[in-house]
J.: 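Take this structure first; my questions come after.
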Amino acid sequence: MQEKYLPSEIEGAAQAQWAASQAYRAHDASDRPKYYCLSMFPYPSGKLHMGHVRNYTIGDVLARYHTLRGYNVMQPMGWDAFGLPAENAAIANSVPPATWTYANIDHMRAQLQALGFAIDWSRELATCKPDYYRWEQWLFTRLFEKGVIYKKMASVNWDPVDATVLANEQVIEGRGWRSGALVEKRDIPMYFFRITQYADELLSGLDSLPGWPERVKTMQANWIGKSVGVRFAFPYTIDGQDDQLWVFTTRADTIMGVTFCAVAAEHPLATRAARDNPALATFIAECKQGSVAEADMATMEKKGMDTGLSVTHPLTGEAIPVWVGNYVLMSYGEGAVMAVPAHDERDFGFAKKYGLPIKQVIDARESARQLQQAIADTRANRALSAEEADYAEELAEHTTEFTDRVWQEWYGSKAGVCINSGKYDGLDYTAAVDAIAADLEALNLGEKKTQFRLRDWGISRQRYWGCPIPIVHCDTCGDVPVPAGQLPVVLPEDVVPDGSGNPLNKRADFVNCSCPKCGAPARRETDTMDTFVESSWYYARYACPDFDGGMFDARANDWLPVDQYIGGIEHAILHLLYARFFHKLMRDEGLFGAEYVRSGPALSPTLPQAGRGQTLGPNRFDEPFANLLTQGMVIADTYYREAADGKKTWFNPADVELRDGVATLKSDGQPVIAGGTEKMSKSKNNGVDPQALIDQYGADTARLFTMFAAPPEQSLEWSDAGVEGAHRFLKRLWKLVYEHVQGGPLPNPLPLAGEGANARPKRINDLRRQLHQTIQKVSDDIERRKQFNTAIAAVMELMNALARLEGDDAMTRSVRQEALEAAVVMLAPIVPHIAEALHAELGPGAAMTWPVVDESALVQDEIELMLQVNGKLRGQIRVAATAPREAIEAMALASEAAQKHLEGRPPKKVVVVPGRLVNIVV
RNA sequence: GCCGGGAUGGCGGAAUCGGUAGACGCAGCGGAUUCAAAAUCCGCCGCUGGUAACAGUGUGGGGGUUCGAGUCCCCCUCCCGGCACCA
């Protein structure tokens, strides 16, 4: 055995051996339970960044752990290869996006391989390849014919100078990123998926996902935003025509307080009013400026203008003025809202600004008063609990008078009763909504309706580098889907975009075609699909990436669902919701989950086992990802210098030297300014190149540090010193094994486990107890808690104890062998290369299996309890592990520490928490 | 603006079900080894007072529940993620 730990040597050898033996090939036919472990595939941006290293190491730890536990593991990898950055690179360097993308993929694949991930590379796929996206096009045509996909107008950001559609991130402070032109909203036709048709199932399905983080499920539920309300109309007559203005509200109980309506700038009423109102026309044009991003809409100043038109209140018959509001969106709901300034904060602000009337119709004070009366009655009978007293106090704050001067929280409360509302006076929220909905329905002017915040998914992109939408536009036949036999519609790869519109429009060879229905000359659709479409089904294609007879074969049934999905928290809503939606679409198309004909032996489905993570129930094809782990960002320090004109130059932390709290640039020795710790990014130049790390310390050190520095779900702060600490641990581990192996062969089997503990010295039993406690903890940390930093810390503690264990007798050497063997296997998921090398040195020939806990090693006769007096720690007592409560109490009271702090006072109460502490209350 | 998270020593973090706050690692300090340095090994290390024993104090800020709160409840501040065309 080598005395020195040489990472490059052992890592190269291990990787070569894994490749030669196809060690990580997932077997389609196996009698072992399957474990499908998937990390979100990367966008091939050029180089791997630390976020990737972290993501894929987490996945690899779980994959390797389950392999050691006897599962048939599949861990695939691929490329989310379509997208905007390739077009940006093309504009900057005049390279076709395809060329750039394929070069990046080759580079990043090599980097992933250097990190030693247990990936089945035979399943690799890239979404920009026709053999992948042809099935996306095929599914599109089926869904189009089924009506799941439809066409409608939608708003986009339009750059009038570059004559191109901009992504939201390309709009900076209302201007195009390259041209600097003021961005406008423009309506263009787009294809939409009817995701709203699945809204209910997407919402209720969250309940079948115990293996998902609660916060992700909450975010998705809020995003879907199911609300029950009333859709109703304000009738009006204009140009001698009777018509109706429809709105939706969740606060129908406040309908008697409507003092105006607001419509979107694009609403027909607004357009009609602007016809003979030039000022309004100008205002409407102004509303069309700016980006379509919701965050911008929500934070901008709320502006409006009177249309001069009015509609009739359906219940009171009053004339209600109609305003145009820049905050009302045509694409949301009806493009119009009723405004109740007294009970909606936004309406209140708007009314104040434009001097519109505010009419109170809800009195939350009344309900507060009733509750207070109830509390007073209770008080007369008994004392209030602390909780009740709190509540009473809170209620008291809600009894101030209504005033139209300042908004107060309780104005928006649903916990009130109607006032100033005629026949509805005195009704509470539910009763008022019911009564009002019934009256509107009787007038044929409204009904109760369930509405979702979720909108249909627009997938048309006016870009080149994406999956072509397989539609042909024919003058006579309309939009005709490309027949299956003519798929794929291949994207030409020799194109260099120039930033002004979609270059596909200029490609006659792509655009010109004949109608599949009538054969007449026709035009091919040049919009491509949202790249979220590709990432919505790739996980299923990994089961059968080589299948060219259809989207999936029977192997998809075997491997789905994904047992563990790992990716960034930034995907909590969009990607994960779209993938869940797609899964249901594909299920309903019978692509998996239905009856199928299989050839060859089947996989065993994942066995639900205690503590083995969550497994989906009987409907295992309803959801794509049984368990989800959302990892945090990788962040690092930033440093910059500011030029006279305020322009900042950012320096990479690797080029900065820190001494006595002063940061200087290594190259010139002059100081730089610390700019805080932020997400690693190109713009702040604070990225750490994983390659440099691998070159200097090896892949195992990079993996160990990223797993040790923080738990997966938190953000991870980069630290070069911390990396060295991780490397030092591996060197210590190597040395411990080296010194042990130098001692020569040991008896087989080791004389340790089972009975006879009494015959062994205490230091041996103590070490074995720690060893088996560590096995227990590490198993639980990896499998259930998915918290690897504490698992590593536990093994480090074990190694520290082992280093302190002295003696060269057979017993000591045996326990050392047992501990080292177990430690090496426990670390193997995290640092597989060194683990493999050390395992070979410790137990020649034997295959690695996860260590088993020896329960007998865990037994303890005596335990230590903390002793508190009035909740303050005052000492410890040692008691027999089996001591009864009374004996513990007596010992505690008799103890010196207790006597000292009791100062003769009699104990009022003694709290005994078994195995933990004793608290004496005086 | 709305939705979801987070805040613990000089630093990253631990404390899993309300029960010893600071495991493990980094940095720092002291020592061993060395001609010297690097590497390695050993010890100390929240803050305040004290030679010490010990005492007080301490988990972003304010209030509360409890024998006991980093953990639960209410209010506030700051930071981060998402907001439908970045992926």
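Lettering follows sequence order; numbering is per chain, from 1. Just so it is clear, the model here is predicted, and its values are computed rather than measured.
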J.: For C83(B), does either OP1 or OP2 sit under 4.0 Å from a side-chain N or O belonging to H575(A)?
T.: no
J.: What's the closest nucleotide to the A721(A) side chain, out of A14(B), G4(B), C26(B)?
T.: C26(B)
J.: Ignoring hydrogens and angles, state whether a donor on the side chain of T164(A) or D159(A) is under 3.5 Å from an acceptor on the partner side chain.
T.: no
J.: Is R453(A) paired with E294(A) through a side-chain N to carboxylate O contact shorter than 4.0 Å?
T.: yes
J.: Looking at R346(A), does any N or O in its side chain come under 4.0 Å of the phosphate oxygens OP1/OP2 on C2(B)?
T.: no
J.: From the set G13(B), C85(B), G19(B), return the single nucleotide nearest to any side-chain atom of V165(A).
T.: C85(B)
J.: Give the nucleotide from the list G19(B), U16(B), C67(B) with an atom nearest to the side chain of K777(A).
T.: U16(B)
J.: Can you figure out which of C85(B), C24(B), G81(B) approaches the side chain of N800(A) most closely?
T.: C24(B)
J.: Sort out the partner of G4(B) for me: Watson-Crick or G-U wobble, both distances under 3.5 Å, none otherwise.
T.: C80(B)
J.: Which value, in whole Å, describes the distance between the C1' atoms of nucleotides C72(B) and A23(B)?
T.: 25 Å
J.: Where the side chain of N919(A) is defined as all heavy atoms beyond and including C-beta, which of G19(B), U40(B), C85(B) is the nearest nucleotide?
T.: G19(B)
J.: Considering only side-chain heavy atoms of K900(A), which listed nucleotide, C83(B), C54(B), A27(B), is closest?
T.: C54(B)
J.: Which nucleotide wins on minimum distance to the side chain of V911(A), given the candidates G19(B), A14(B), C85(B)?
T.: G19(B)
J.: Apply the syn/anti split at 90° from 0 to G81(B) and say which one it is.
T.: anti
J.: Looking at R732(A), does any N or O in its side chain come under 4.0 Å of the phosphate oxygens OP1/OP2 on C24(B)?
T.: no
J.: Please classify the nucleic acid contact of P42(A) as base, sugar-phosphate, or nothing, using heavy-atom distances under 4.0 Å.
T.: nothing
J.: To the closest 0.5 Å, what do you measure between OG1 (T630(A)) and CZ (R215(A))?
T.: 4.5 Å
J.: Between G13(B) and G18(B), how many Å separate the two C1' atoms, rounded to a whole number?
T.: 22 Å
J.: Could you tell me how far G46(B) sits from U20(B) if I compare only their C1' atoms? Round to whole Å.
T.: 16 Å
J.: Parallel, tilted or perpendicular: which one describes the rings of F582(A) and W457(A), with boundaries at 30° and 60°?
T.: perpendicular
J.: Which nucleotide, in any strand shown, forms a Watson-Crick or G-U wobble pair with U66(B), with both distances under 3.5 Å?
T.: none
J.: Take atom CD of Q220(A) and atom P of G5(B), then tell me their distance rounded to the nearest Å.
T.: 14 Å
J.: Ring pair (Phe, Tyr, Trp, His ring centres under 6.0 Å), that's the test. Do F705(A) and H727(A) meet it? Break it down for me.
T.: CA-CA 8 Å; F705(A) 176 73; H727(A) 191 63; over 10 Å; no
J.: Is there a donor and acceptor pair, one atom on the side chain of N222(A) and one on the base of C3(B), closer than 3.5 Å?
T.: no
J.: Are OP1 or OP2 of A27(B) and a side-chain N or O of R728(A) less than 4.0 angstrom apart?
T.: yes
J.: Any donor-acceptor pair, under 3.5 Å, between the side chain of Q868(A) and the base of C67(B), if you only look at N and O atoms?
T.: no
J.: Got a donor-acceptor pair under 3.5 Å from the side chain of R784(A) to the base of U16(B)?
T.: yes
J.: Of all the nucleotides listed (C24(B), A15(B), G4(B)), which has the minimum atom distance to the side chain of F708(A)?
T.: C24(B)
J.: Taking only the side-chain heavy atoms of D780(A) (C-beta and beyond), determine which of U16(B), A84(B), G81(B) contains the nearest atom.
T.: U16(B)
J.: Does a distance-only test, which skips hydrogens and angles, find a donor-acceptor pair under 3.5 Å between the side chain of K872(A) and the base of U20(B)?
T.: no
J.: To the nearest Å, how far apart are L873(A) CG and G70(B) P?
T.: 13 Å
J.: Ring centroid separation for F350(A) and Y327(A), is it under 6.0 angstrom?
T.: yes
J.: With the side chain of K731(A) defined as its heavy atoms from C-beta on, choose the nearest nucleotide among A39(B), A87(B), A15(B).
T.: A39(B)
